[in-house]
Amino acid sequence: MPNGVGAFFFEVCDSTNARAATLAIAGEPGPLWVVAGEQSAGRGRRGRSWTSKTGNLYASLMFRPHIRPQDLAALPFIVALAVRDTFIAFGAPESQVQCKWPNDILIGERKASGVLIESSAKHGGLLDYVIIGIGMNLVHFPDDAAFGATSLLHVTGQEVSVKDAATVLAEKLYARIDAWKVDDFSSVAEEWTRYSWGLGQQRVLRTHDETFTATLLGLSDDGALIARLDDGLEKRLYAGDVFPVERAD
Ligand code: BTN
């Protein structure tokens, strides 16, 4: 771990995000990592669960930036880029490692990592803590996921240990967080866009209450996905999922 960053390792825990939140609420100053060999109640985005068998990486970074919740717009994309850096460092072919909005990483158009960012603010508006939870498919992947999945082992034929993956991820994320300027969203958006999956193309978008097809245009400076509907209207998505358009051929 980078200097001054604490780390806890659990063979098994419910959720590294939940453990990190408990430590934050108990007054741990952070930054600190919580890493688990296995999770019994791994959490995904939008209330889903995250299958968490031994062999993959389950890690959460808790830290206390002195900024406001609205200053976090770039963070999901910074984290996605750091996960991308990590997969590439372990041999995933650079051209195949893509960013899918909001912060999934795909290898060969299949999901290899998911990120769940949670935060809490103090009275008065500044953040109390931020937790970045990262799951990386090192050796397994679910075969029943809504979006097709893969693992680093499946792509490269190499088995990477949780310890090695956690070490490299911590370095890559630390370097990107260190370089982060909260008032400069555009350079992060520009880099994320360069490696993004589906921009300029038609995709199926799902929110909690609707599913529709649209052309993905890019990111707004508060992190929303801008998409153009078939009738020409532009829409901004703040929460949801993106899928390929199923073809009938
Ligand atoms: C998603 O794609 O839905 C996000 C998945 C995030 C999973 C990670 S695993 C480590 C951390 N602890 C959790 O309970 N969830 C995140």
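Start at 1 and go down the list; that is how both ligands and their atoms are numbered.
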Under 4.0 Å between a Lys/Arg side-chain N and an Asp/Glu carboxylate O for Lys235 and Glu210? yes
Taking a 3.5 Å cut-off between nitrogen or oxygen atoms, can you list every pair linking ligand 1 to the protein, with distances?
from, atom 1, to, atom 2, distance (Å)
ligand 1, 2 (O), Lys111, NZ, 2.7
ligand 1, 3 (O), Arg45, N, 2.7
ligand 1, 12 (N), Thr16, OG1, 3.0
ligand 1, 12 (N), Gln39, OE1, 3.0
ligand 1, 14 (O), Ser15, OG, 2.7
ligand 1, 14 (O), Gln39, OE1, 3.4
ligand 1, 14 (O), Arg43, N, 2.7
ligand 1, 15 (N), Arg43, O, 2.7

Check against side chain to side chain contact (heavy atoms under 4.5 Å, CB included), Glu28 and Phe8: CA-CA 12 Å; Glu28 279 285 342; Phe8 289 78; 4.1 Å; yes
Check for me, please, whether Leu75 and Ile134 land in the same ILVMFWY cluster - side-chain distances under 4.5 Å, paths through other members count. yes
Please list, chain by chain and in numerical order, all residues satisfying side chain to side chain contact (heavy atoms under 4.5 Å, CB included) with Glu11, sequence neighbours excluded.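 For Glu11 the side chain to side chain contact (heavy atoms under 4.5 Å, CB included) partners, ignoring immediate neighbours, are Phe9.
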For Trp50, all residues meeting ring-ring contact (aromatic ring centres under 6.0 Å, His included), sequence neighbours excluded: none
My understanding is that only residues two or more places apart in sequence, or in another chain, count here; which of them pass ring-ring contact (aromatic ring centres under 6.0 Å, His included) with His140? none
